[in-house]
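Along the sequence shown, the residues carry numbers beginning at 1.
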Amino acid sequence: MDFLGSTTGTGMLAMLFSFSESILPPDSRSFLLKPLFLRWVSGFLHAVLLLVLFCSWVRKRIRGNGGYDVTESLKDKRDFGFKSALFCNLALSLLNLVLMSLSGFYWYESGWSDSDQLVSSLGFLLGMVSWGVLSICLHRCRDFEHKKAPFLLRLWLVFYLAVSCYSLVVDFVMYKRHDTVPVHLLVFDIVAFSAAVFLGYVAFLKKDSSNSNGVLEEPLLNGGDSRVGGGDIELNKSSGSDEATPYSRAGILSLLTFSWMSPLIDLGNKKTIDLEDVSQLHDTDSVVGLAPKFRSMLESSDGGERSGVTTFKLIKALYFSAQWEILVTAFFAFIYTVASYVGPALIDTFVQYLNGRRQYNHEGYVLVITFFVAKLVECLSQRHWFFRLQKVGIRMRSVLVAMIYEKGLTLSCQSKQGRTSGEIINFMTVDAERIGNFSWYMHDPWMVLLQVGLALWILYRNLGLASIAALVATILVMLVNFPFGRMQERFQEKLMEAKDSRMKSTSEILRNMRILKLQGWEMKFLSKIFDLRKSEEGWLKKYVYNSAVISFVFWGAPTLVSVSTFGACILLGIPLESGKILSALATFRILQEPIYNLPDTISMIVQTKVSLDRLASYLCLDNLQPDIVERLPKGSSDVAVEVVNSTLSWDVSSDNPTLKDINFKVFPGMKVAVCGTVGSGKSSLLSSLLGEVPKISGSLKVCGTKAYVAQSPWIQSGKIEDNILFGKPMERERYDKVLEACSLSKDLEILSFGDQTVIGERGINLSGGQKQRIQIARALYQDADIYLFDDPFSAVDAHTGSHLFKEVLLGILCSKSVIYVTHQVEFLPAADLILVMKDGRISQAGKYNDILNSGTDFMELIGAHQEALAVVGSVDANSVSENPALGKENGIVKDAIGLDGKQESQDLKNDKLDSGEPQRQLVQEEEREKGSVALDVYWKYITLAYGGALVPFILLGQILFQLLQIGSNYWMAWATPISEDVQPPVKLSTLMIVYVALAFGSSLCILVRATLLVTAGYKTATELFHKMHHCIFRSPMSFFDSTPSGRIMSRASTDQSSVDLELPYQFGSVAITVIQLIGIIGVMSQVSWLVFLVFIPVVAASIWYQRYYIAAARELSRLVGVCKAPLIQHFSETISGATTIRSFSQESRFRSDNMRLSDGYSRPKFYTAGAMEWLCFRLDMLSSLTFVFSLVLLVSIPTGVIDPSLAGLAVTYGLSLNTLQAWLIWTLCNLENKIISVERILQYASVPSEPPLVIESNRPAQSWPSRGEVEIRDLQVRYAPHMPLVLRGITCTFKGGLRTGIVGRTGSGKSTLIQTLFRIVEPTGGEIRIDGVNILTIGLHDLRLRLSIIPQDPTMFEGTVRSNLDPLEEYTDDQIWEALDKCQLGDEVRKKEQKLDSSVSENGENWSMGQRQLVCLGRVLLKRSKILVLDEATASVDTATDNLIQKTLREHFSDCTVITIAHRISSVIDSDMVLLLSNGIIEEYDTPVRLLEDKSSSFSKLVAEYTSRSSSSFE
């Protein structure tokens, strides 16, 4: 063969040729140039290699692990050379396998007489085995860095290079002589020479990467223990395993067949799998090892320039982080595609063979073996392609989550303002997940071209030019798909937008559910959610109906392509023979997939590009400047904090900086107080010392470690103990001292689990004061050098505040530097330095007495405080003067309350013991159903829409489609001749008319089926949504207290999405596949009923495998869901507490926590993928068995017994048997995994409801309550059946029209009493009567809408000013304006352009805290109820705003019953009555004057302490 064209022999080749001609005798020359000699030498060399490897292995076994062997070569785990060498060895082994098969085939054709072919086959066999063994050796030692290749291996490679070079020279010599060289041998010689050069380069020139003391070695073919260097151990403990995992220690056979999954699947059949049963990820798949590599790749792609992250750099880093896996999956995808077209290519040959046209002996069995091998290769490559793709996806997702998390920890506050926490969490839950899922579609673009190319080649071979018609039809179908694909994409975008706005509202409503219940607004807000869902449903409807059309195109595509192709054959006069037709039909079926997947792939590429753009823009955001504050080590300076001429601003571009010309010094051990009006820059000053505020000029120095207590408490969900330790080891003595100083010991005694109590989300089961004190305890336990306190005393009552100040600031921290912000003037005299802030400047600085007379700003603050004190003074003028010195008084109060407290605590403990109830935490583990999903769930889902009336029609549509499809193919096989010399049974026109009619009918059935399916699915999704939301909104408050909002949100988003978009198709898929499978078996049994002999046991085995697998898979799938919530929760907590985390320098601990949780989520995902492939591999093998058995039957039956066309049709259908059977099991398992979403939604659609909102038979009078008298009789309350009593037999009466103040220590039951009044908590015993009506006998809305409350946390909802004041739309604009004027907000709202329609952002962020409190006041002024409750309504405002609120209330609610809970004595001192609660029982109830007269009363002591604290100093 002239393979070199016109090349002339010149240069080196000519020289070599003449040299060999001259030195060798003629006989030797001719023998040495024979291919036989070359194959013999090559075979001998490979046998030597095998011997060397075997001896090395034996030596290693005898000597143990000392020394190294021939395989500790070619490899550095970060080195591209190793991977390439491994790939090279595998390629050579495969090439030898192909050539061995070819030589065997030629040898068989020669009647087993050609000895040359025998020698060649043996040579290639030895080559295949030796390269395969070398590959395994390299693969087994993959976890270590090794030396250069050992001497023996290098020596062997020299010989191999010489022989392959010689072979190539011989090929050229043969060409010179004009001898023919078989093309396959030429290709082999070129590949072998190239490989030898490359392997020689890797073996000889690779640098020695081992340590001088010797690295860890691994025995050949022996999975020795893996170990890592000391550096990584700490991280690997928490995440990722450096030990051998089932996957990493699996042998080659176990890897091929996924047998390494068997132990876990077996365990799943014995018990319910928990996360502990799931092995760790190997360090190559763990984010602990991947994240640093990914970060360095991302940074190295900058090329040294810090130009920021771009989408391209992100893609590049993602590619290189999984480069090897991506290349391997591409190789598998290629092999799979080629193997899947072997069947269609051979069908014509098979039909001709059955018709009696034999080309050689035993041709039938060779065909059967070829079919089987192709199926085997197809199955193996597809399984490993899918599994490795999922591995790539898991890796990509986890490294992106790590990068997003890390960015969240270092984001500057200015960057954060542009992104809500919800958006940042979306990057993790949506974008990173989507990029991970893109791995499925990664190879699709080039595979479509390959598949279409192969299909056209087969069609051209069979039908000639008619294949052009097939190409045109294929392109046409793809083009038709494009507009639908674009529409689908647009609908999905709109659907996501609508869903986002619904989820935003849902999140806001869940956060503020307590307020909605108190106000009786929950059903109004539920209708708001339903309205948002309605707009979402509009887009959902368009989306699902559009997908029905796409489905119709998908199923109709093969029909259209085949009609146009056969039509073209008739027009062009190409003879139609049944073999060729069947080959074409099989090709069209395979072509169906790329046609269908193309729009999906394009849509996925677009979505992934959008996600990558979003992530790149997020990763580009500015980080905190590391150089804002100069951090010095402890003891390196005699100044603790020094700020010189500093100007700082949250917004660097602003003309008006936040802090201007700041100068001050703090020496070790100094106490510095910062005070000033609201918005003067106090908190910003502390933030600047933490390095949070961007610096414009000046210098800040901090010497030593810092601890920070924020104004609004940041508490992590988890145990109280973990919150206080905050990563430090437990030192019991210091811990107890801290608890005592923060007055937490008593609170912990009351809690059932003490400091092991699990805190709910955002500290939901703690009071505001408890959260604040836990924060202070956390700071104290860190034992830092400098403490920064941002007004932590405002959230606690007077007694606790003074105790904290005395024990913490003046006690434990007496030798530390402390800077504290405070609104309470009484804490100022104790400071060594007071900084008075005004408009971002320090307007005054000095000691208390020095600045008292030197300026007006400080005097203004003192003035407002004196005004509040005057109120107390007016009640009892003598109370201040009669007080003894504070220290003594404090002692009395502490002793008195302390004794009572101990007694109560003892009672409480006895109460707990007596009750004999099992103790449980408030926040329980997320409920997870165990075992198989109940059939009831499936039944509910199927019958929810129209009572299941559409289901029979959907099934009928699919059955008719299948019958018409089989009919049309049978018609084509029967009506076309077997070969040209046979007369066709019908005319060509009849042939086409019948075929087109059948094809059209089948397409119509599909359209009907697709439309009915999406209609049923849409209706079901809507029903489930309404059921669940109605049930959640009607559930009692205890449900929200014990259920983190994340659990409800995941059902409203992830699970609802599954029900909306996936479940209908999963159900449809199962039905469709079952019907198709029955159709195929029906066609195959027509040929021979003997197929059933194999088919029935195979089906039984398949069902057994599926049942065996599902137990483990189901639990793994549930674990994926359960492991996702902690990751999201940890992420959102980190974002909200980033400042606190940074201030304690705890970033690395939180990063490793995130990695641990991320790996915890990846683990069940990884093993779910492994389990799925374990099952699919076994099912593929079983269905291939059925297929091969039927082929053997067909080949064995004598010619003429069976119609070859019909047999061909059976083979055509049989080709897709394994795919369909695997697909059926896959969809069944997937359905069971997805139906869990329905199960979870139904869980929350059956939560017990609150009592009725309205009881028609017992509605109170329209004017009720007219007097406002509240009568409480023996009231007992507990929050849950398993928790202790909070109120223990309270009896008292609040007279109508009087003002009653309720006081007591944190946790005494003040707020519980109010919640019981509103029936947020139902009483366990006793009753409450308002104007004689027992509130337990009337509807909740009748009660709540007649009472008013200003809650502790001022809440505003996203919307307008009008919707915030009057959500039920009951009042006119004039009434709203009147209320606004009364609460001093009228002018503020009039200034805004849109007046009452001015926007309010999420949580009312664009309104100050004080203004939000005034809006709450406006709500009650509008409502004008007879009973008004103030629940610590002024805790978060300064004294001046507090005075304003009190004045408004006195003016407008003079004839109402006003019940006030307050920490500030001034808020309750002018009440008509005072109720003092202590540990759930009434300690005192009388008028303030009487209580103050009795100096031994607890109230008298509280007031005395407050006034003494306020007028004396803590010095």
Side-chain angles (χ1 to χ4, degrees), residues 513-520 522 750 764-765 767 908 911 922 1035-1042 1248-1253 1255 1260 1264-1265 1268-1294 1300-1352 1425-1433 1457-1462 1473 1475-1483 1485:
M513 187 54 88
R514 188 176 299 277
I515 310 292
L516 296 181
K517 296 247 179 220
L518 286 167
Q519 301 279 11
E522 69 270 39
I750 292 169
I764 198 160
N765 47 344
S767 70
L908 211 61
D911 180 39
L922 170 69
S1035 58
M1037 201 58 223
S1038 56
F1039 169 74
F1040 297 97
D1041 288 344
S1042 60
S1249 263
E1250 281 186 304
L1253 298 176
I1255 298 172
W1264 179 87
E1269 182 170 290
V1270 180
E1271 195 183 339
I1272 300 171
R1273 292 184 195 161
D1274 190 29
L1275 186 66
Q1276 295 180 346
V1277 176
R1278 52 160 53 100
Y1279 276 102
H1282 60 271
M1283 296 180 88
L1285 284 170
V1286 184
L1287 295 180
R1288 302 184 297 144
I1290 286 182
T1291 302
C1292 65
T1293 302
F1294 302 149
T1300 305
I1302 303 177
V1303 290
R1305 275 202 68 212
T1306 304
S1308 60
K1310 304 187 296 288
S1311 290
T1312 307
L1313 179 57
I1314 297 307
Q1315 291 191 62
T1316 314
L1317 181 62
F1318 281 83
R1319 286 179 67 193
I1320 294 294
V1321 182
E1322 291 289 318
T1324 312
E1327 64 175 19
I1328 300 176
R1329 288 180 175 273
I1330 296 177
D1331 286 1
V1333 175
N1334 184 347
I1335 64 166
L1336 296 178
T1337 62
I1338 60 172
L1340 291 181
H1341 273 186
D1342 278 339
L1343 170 69
R1344 291 170 186 169
L1345 291 168
R1346 309 287 177 94
L1347 308 179
S1348 287
I1349 184 166
I1350 301 183
Q1352 188 171 356
S1425 303
K1426 202 68 187 166
I1427 297 174
L1428 168 64
V1429 177
L1430 307 176
D1431 186 359
E1432 293 173 2
T1457 306
V1458 179
I1459 302 167
T1460 308
I1461 293 179
M1473 298 290 284
L1475 173 71
L1476 194 138
L1477 285 176
S1478 176
N1479 283 318
I1481 56 171
I1482 296 176
E1483 194 170 320
Y1485 182 44

- Item | M1037 CE to E522 CD distance, which is reported to the nearest 0.5 Å | 10.5 Å
- Return the minimal non-hydrogen interatomic distance between L1336 and E1322, and the atom names on each side. CD2-OE1, 3.7 Å
- Inter-residue atom distance R1278.CZ - S1038.OG, 0.5 Å rounding: 13.5 Å
- Task: Just do the side chain to side chain contact (heavy atoms under 4.5 Å, CB included) check on T1293 and E1269 with the steps written out, would you?
- Result: CA-CA 7 Å; T1293 302; E1269 182 170 290; 4.0 Å; yes
- What is the minimum heavy-atom distance between P1323 and L1275, and which atoms define it? CB-CD1, 3.7 Å
- Message: I'd like to check L1428 versus I1459 (side-chain heavy atoms, cut-off strictly below 4.5 Å). Are they in contact?
- Response: no
- Message: For a side chain to side chain contact (heavy atoms under 4.5 Å, CB included) check, start with the C-alpha distance between Y1485 and L1476, then their side-chain angles and the critical distance, and finish with the verdict.
- Response: CA-CA 6 Å; Y1485 182 44; L1476 194 138; over 6 Å; no
- Looking only at heavy atoms, which two atoms of R1319 and R1344 are closest? And how far apart? O-NH2, 3.0 Å
- Item | Criterion side chain to side chain contact (heavy atoms under 4.5 Å, CB included) on I1427 and S1348, from CA distance to verdict | CA-CA 6 Å; I1427 297 174; S1348 287; over 6 Å; no
- Hey, does T1300 have a side-chain heavy atom less than 4.5 Å from the side chain of T1457? no
- Note on the structure: Tightest non-hydrogen contact, residues P1265 and R1346, listed as CD-CB, 3.9 Å
- Query: Do L1313 and L1475 touch side chain to side chain, with heavy atoms closer than 4.5 Å?
  - Reply: yes
- Message: If I take atom CD1 from residue I1481 and atom OG1 from residue T1291, how far apart are they, to the nearest 0.5 angstrom?
- Response: 11.5 Å
- Task: Answer yes or no: is there a side-chain heavy-atom contact under 4.5 Å between I1302 and L1477?
- Result: yes
- Step by step, work out the side chain to side chain contact (heavy atoms under 4.5 Å, CB included) result for L1317 and V1429. CA-CA 10 Å; L1317 181 62; V1429 177; 4.0 Å; yes
- Message: How close do Q1276 and R1288 get, counting heavy atoms only, and between which atoms?
- Response: CG-C, 4.4 Å
- Message: Under the rule for side chain to side chain donor-acceptor pair (under 3.5 Å), what residues qualify as partners of E1327, not counting sequence neighbours?
- Response: R1273, R1329, N1334
- Point-to-point distance, once rounded to the nearest 0.5 Å, from CG of L1287 to CG of D1274: 11.0 Å
- Task: Compare all side-chain heavy atoms of W1264 with those of I1330 and state whether any distance is below 4.5 angstrom.
- Result: yes
- Query: Nearest heavy-atom pair of I1272 and I1290: which atoms, and what distance?
  - Reply: CG2-O, 3.4 Å
- Query: Is any side-chain heavy atom of I1328 closer than 4.5 Å to a side-chain heavy atom of E1271?
  - Reply: no
- I1320 and R514, any side-chain heavy atoms less than 4.5 Å apart: yes
- Measure the spacing between CZ of F1318 and CD1 of I1349 and express it to the nearest 0.5 Å. 4.5 Å
- Is there a side-chain contact between I1482 and C1292 (heavy atoms, below 4.5 Å)? yes
